[in-house]
Amino acid sequence: MKNVDAKKPVFRFAPNPNGPLSFGHARGIVINGTYSKEHEGILILRFDDTDTTVKPPELSAYDLIPEEVEWLLGRPADRIVVASDRIPEYYQHAETMLKEGFGYVCKCSAEVFREYRESKSNCPCRDKSVENNMSDWNKMLDGTYKPGDAVVRVKTDMTLKNPALRDWPALRMQDTETNPHPRPNIGSKYKVWPLLDFQSAVEDHLQGVTHIIRGKDLMDSTRKQTLLYEHFGWTYPETIYWGRVKVHEWGGFSTSKMRASIENGEYSGWDDPRLPTIQGLKARGIQPEALRNFWIELGVTQKDISVPLATLFSHNTKMIDDEAPRLSFVRNPTEVLLQGQTPEFVGIPIHPNHPKKGLRNISLNPPTIFIESEDANGLYRLKEFADIGEHGNIESIDRSDKRPIIHWMSLTNSVEAVLIIPDQEEIKIVNGRAESNDYEIGTIVQLERIGYAIITEDGYLLMHE
RNA sequence: GCUCGUAUAGUGUAGUGGCCCAUCAUAAAGGACUCUCAUUCCUUUGACCCGGGUUCAAAUCCCGGUACGAGCACCA
């Protein structure tokens with residue numbers, strides 16, 4: 001990374017607060033957050049909430065997102081900036097632009113302007129006088145013009161090789177009567193709103209942002225903004241890009257798609273463990289540190305990549321195994337009545353690597369136990385207890401041969417329970433007997449021979465193996 | 001179509017001209033430990049997109065091709 005030593009670097013993460021954060025947003029938070037921490041800089045969380053029509057913000061996100069950022073990083077963002085609070089600043093810069101002559105009010109429709117863009121020719125509005133532009137600007141502000149009638153454009157050069165850069169739009173009008181901004185103190189206050197490229201560029205400068213790390217889909221944004229910075233005489237921040245990330249098991253994910261699926265009842269909410277949202281991952285027992293390690297390991301390359309969920313899970317396993325108490329969960333249980341001498345109790349370690357954590361004392365009075373139906377064929381050894389022969393006959397307390405070791409649970413120490421398995425699109429429910437315990441909801445346990453699970457109100461939610 | 005970008009083992013990643021018959025992680029296979037198909041540890045398999053060029057020397061620089069991706073919105 002360049003220029004990090006020169007001064008205190010300033011990074012920013014700038015989502016649209018139009019819903020909860022997704023797995024993909026986590027990358028922006030983790031990468032920017034980690035760099036800012038490593039270089040003793042600061043992290044700005046900025047809400048780019050300047051669209052009230054196409055991707056309208058959601059009020060709850062303003063509180064939720066800072067919490068999610070804090071959960072993920074283990075510390076809050078150093079500064080929070082809300083674009084909709086900063087409209088006067090943007091207006092001021094727009095006016096500077098018009099007065100200095102590097103911006104103009106364009107009254108062409110989007111379609112008409114596309115013609116000019118494609119044919120590399122100047123739009124007639126481009127040559128208007130400053131007075132004319134200011135008068136049109138005021139007509140935008142006071143609502144004489146309506147959405148679609150006029151936009152403010154940045155003068156670049158209509159013959160630029162890259163069509164995306166040709167006199168790009170900086171501010172436009174929105175019907176905030178029909179579509180008011182959800183923040184009550186903003187509401188229908190403004191009719192003219194900056195577009196991302198303008199708002200973000202101006203705000204980055206005002207906040208002293210030194211490094212921008214973002215998706216490569218915004219590469220042309222950088223170029224547009226650089227042209228604006230040249231007009232203003234500012235220096236553009238150092239910029240680094242990352243490519244697209246797909247997770248094998250999830251495919252593409254978009255906020256709007258998820259919203260629709262939640263509304264029609266396919267998912268229980270944004271925190272449904274099947275969803276690639278931060279809340280969903282949290283509900284699924286993914287640790288913030290695992291998520292951080294995952295994104296840091298992927299690094300910041302411009303390649304488009306596709307990763308299996310197993311990579312994230314392996315990071316998570318490293319975080320949780322040491323702490324996860326062991327429990328038995330017997331799927332599709334078969335009852336077995338033990339024959340022969342049985343002790344009153346059998347002690348099984350809570351965690352095999354930490355004997356100090358103690359034992360789970362399993363009562364064998366009555367000597368009725370459950371084992372998984374799949375394990376009920378032939379000889380087996382009950383883990384930490386005894387070799388069992390035909391008809392539940394106890395053959396030996398010591399291990400006498402290589403018969404498979406299986407997990408089990410006594411009638412006394414188990415209760416009916418369900419194992420919830422989020423599997424791609426669907427959720428599988430497996431009935432069984434869970435070892436009795438008094439761990440709190442939210443505790444991460446390891447179900448022996450099955451995998452890690454988190455205790456929920458409804459049952460044991462299987463996280464991963 | 002135009003513009004921009006990327007191309008290293010199955011999946012990710014390191015590597016900015018010689019320390020590279022290429023790093024690490026993960027996955028897979030085998031083994032040790034373990035009364036879990038967990039954890040930990042060891043071993044093995046496995047890659048520089050293709051073709052030219054520059055150079056004593058190229059994964060690394062240049063050109064062409066191919067593949068993939070992004071932008072060309074009065075969305076972010």
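Since we're looking at a predicted model, the values are computed, not measured. Chain naming here is simple, since letters A, B, ... match the order of the sequence lines and numbering starts at 1 in each.
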S.K.: Only one of H407(A), R449(A), R433(A) clears side-chain contact (heavy atoms from CB on, under 4.5 Å) with S328(A); which?
M.R.: H407(A)
S.K.: Counting side-chain heavy atoms from CB outward, which of C4(B), A76(B), G12(B) is closest to S306(A)?
M.R.: G12(B)
S.K.: Can you check whether T311(A) has a side-chain N or O nearer than 4.0 Å to OP1 or OP2 of A27(B)?
M.R.: no
S.K.: Start at the 5' end of RNA chain B and walk down; is the nucleotide closest to H351(A) or to R381(A) reached first?
M.R.: R381(A)
S.K.: Please check if the side chain of T52(A) supplies one atom and the backbone of T176(A) the other of a donor-acceptor pair under 3.5 Å.
M.R.: no
S.K.: Measuring only the P atom in each nucleotide, how far is A25(B) from U6(B)? A whole number of Å is fine.
M.R.: 28 Å
S.K.: What integer distance in Å separates I371(A):CD1 from C37(B):P?
M.R.: 16 Å
S.K.: Examine C74(B): is either OP1 or OP2 under 4.0 Å from a nitrogen or oxygen in the side chain of K146(A)? Give yes or no.
M.R.: no
S.K.: Using atom P in both nucleotides, what's the gap between A76(B) and A67(B) to the nearest angstrom?
M.R.: 34 Å
S.K.: Using a strict threshold of under 4.0 Å (side-chain N to carboxylate O), is an ion pair present between D127(A) and K155(A)?
M.R.: no
S.K.: Mind checking if L171(A) touches a base, just sugar-phosphate, or nothing, with heavy atoms under 4.0 Å?
M.R.: nothing
S.K.: Looking across every strand, which nucleic acid part, if any, lies under 4.0 Å from L298(A) by heavy atom: base, sugar-phosphate, or nothing?
M.R.: sugar-phosphate
S.K.: Among residues 148-167 of chain A, which residues get a heavy atom nearer than 4.0 Å to RNA chain B?
M.R.: G148(A), V151(A), K161(A), N162(A), P163(A), A164(A)
S.K.: So what does P169(A) touch, heavy atoms closer than 4.0 Å: a base, only the sugar-phosphate, or nothing?
M.R.: sugar-phosphate
S.K.: In whole angstrom, give the distance that lies between atom CD of E448(A) and atom P of U36(B).
M.R.: 8 Å
S.K.: Take K107(A) and Y145(A) through the test side-chain hydrogen bond (donor to acceptor under 3.5 Å, both in side chains) and record every step on the way to the result.
M.R.: CA-CA 9 Å; K107(A) 290 186 277 184; Y145(A) 292 141; 3.3 Å; yes
S.K.: Cation-pi check for F113(A) against R153(A): NZ or CZ below 6.0 Å from the six-membered ring centre and within 45 degrees of the axis, yes or no?
M.R.: yes
S.K.: From C-beta outward on K303(A), which listed nucleotide comes closest to its side chain: U8(B), U36(B), U11(B)?
M.R.: U8(B)
S.K.: Taking only the P atom of each, what is the distance from U40(B) to U66(B) in whole angstrom?
M.R.: 47 Å
S.K.: Could you tell me whether F23(A) and W295(A) have their ring centroids closer than 6.0 angstrom?
M.R.: yes
S.K.: Establish, with yes or no, whether the OP1 or OP2 oxygen of U34(B) is under 4.0 angstrom from a side-chain nitrogen or oxygen of R399(A).
M.R.: no
S.K.: Closest to the K55(A) side chain: C75(B), U36(B), A27(B)?
M.R.: C75(B)
S.K.: Is any side-chain N of the basic residue among D398(A) and R381(A) closer than 4.0 Å to the acidic one's carboxylate O?
M.R.: no
S.K.: Look at the rings of Y236(A) and Y229(A) and say which category their plane angle falls in: under 30° parallel, 30 to 60° tilted, over 60° perpendicular.
M.R.: perpendicular
S.K.: Can you check the distance between U55(B) and U45(B), where both ends of the measurement are the P atom (answer in whole Å)?
M.R.: 38 Å
S.K.: Classify Y452(A) by what it touches in the nucleic acid, base, sugar-phosphate, or nothing, heavy-atom distance under 4.0 Å.
M.R.: sugar-phosphate
S.K.: Would you state whether a donor and an acceptor, one from the side chain of Q446(A) and one from the base of U39(B), lie under 3.5 Å apart?
M.R.: no
S.K.: Considering the options L447(A), I421(A), V445(A), I320(A), which one meets the side-chain contact (heavy atoms from CB on, under 4.5 Å) requirement together with M463(A)?
M.R.: I320(A)
S.K.: Answer yes or no: does a side-chain N or O of K224(A) lie under 4.0 Å from OP1 or OP2 of G71(B)?
M.R.: no
S.K.: Measure CG/D304(A) against P/C49(B) and give the value in whole Å, please.
M.R.: 16 Å
S.K.: Measuring only the P atom in each nucleotide, how far is C49(B) from C33(B)? A whole number of Å is fine.
M.R.: 42 Å
S.K.: Please tell me which of V300(A) and D398(A) maps to the more 5' nucleotide of RNA chain B, matching each residue to the nucleotide holding its nearest heavy atom.
M.R.: V300(A)
S.K.: Using only modelled atom types and a 3.5 angstrom limit, is any donor from either the side chain of R449(A) or the base of A38(B) paired with an acceptor on the other?
M.R.: no
S.K.: Can you tell me which nucleotide in U39(B), G71(B), G5(B) comes closest to the side chain of D220(A)?
M.R.: G71(B)
S.K.: In whole angstrom, give me the gap between the P atoms of G18(B) and A59(B).
M.R.: 11 Å
S.K.: Distance check needed: C75(B) C1' versus W168(A) CH2, whole Å only.
M.R.: 15 Å
S.K.: Which dot-bracket string describes RNA chain B (Watson-Crick N1-N3 plus N6-O4 or O6-N4, or G-U N1-O2 and O6-N3, all under 3.5 Å; [ ] crossing; | other strand)?
M.R.: (((((((..(((.....[.....))).(((((.......)))))....(((((..]....))))))))))))....
S.K.: So what does T50(A) touch, heavy atoms closer than 4.0 Å: a base, only the sugar-phosphate, or nothing?
M.R.: sugar-phosphate
S.K.: Touch check for S109(A), heavy atoms < 4.0 angstrom, all strands: base, sugar-phosphate only, or nothing?
M.R.: base
S.K.: Measure from CG on D217(A) to P on C68(B) and round the result to the nearest Å.
M.R.: 20 Å
S.K.: Less than 4.0 angstrom between a side-chain N/O of T301(A) and OP1 or OP2 of U13(B), yes or no?
M.R.: yes
S.K.: Side chain of E384(A), heavy atoms from C-beta onward: which of A76(B), C35(B), C74(B) has the nearest atom to it?
M.R.: C35(B)
S.K.: Measure the distance from CZ on R326(A) to C1' on C35(B) and round it to the nearest whole Å.
M.R.: 14 Å
S.K.: Take atom CG of N353(A) and atom C1' of U36(B), then tell me their distance rounded to the nearest Å.
M.R.: 11 Å
S.K.: For I305(A) and U26(B), give me the distance from atom CD1 to atom P, rounded to whole Å.
M.R.: 17 Å
S.K.: Under 6.0 Å between ring centres, would you say that holds for F198(A) and W168(A)?
M.R.: no
S.K.: Do Y62(A) and F47(A) have ring centres separated by under 6.0 Å?
M.R.: yes
S.K.: To the nearest 0.5 Å, what is the distance between CZ (R259(A)) and CH2 (W270(A))?
M.R.: 4.5 Å
S.K.: Taking only the C1' atom of each, what is the distance from G15(B) to G53(B) in whole angstrom?
M.R.: 23 Å
S.K.: For E118(A), which residues count as a side chain to side chain contact (heavy atoms under 4.5 Å, CB included) partner, sequence neighbours excluded?
M.R.: R114(A)
S.K.: Looking only at the side chain of D48(A) (C-beta and beyond, no hydrogens), which of the listed nucleotides U26(B), A76(B), G12(B) gets closest?
M.R.: A76(B)
S.K.: Name the nucleic acid region contacted by D51(A), choosing base, sugar-phosphate or nothing; use a 4.0 angstrom heavy-atom cut-off, strictly under.
M.R.: sugar-phosphate
S.K.: Taking the P atom of each, how far is G51(B) from A9(B), in whole Å?
M.R.: 16 Å
S.K.: Does K318(A) put a side-chain nitrogen or oxygen below 4.0 Å from OP1 or OP2 of A25(B)?
M.R.: no
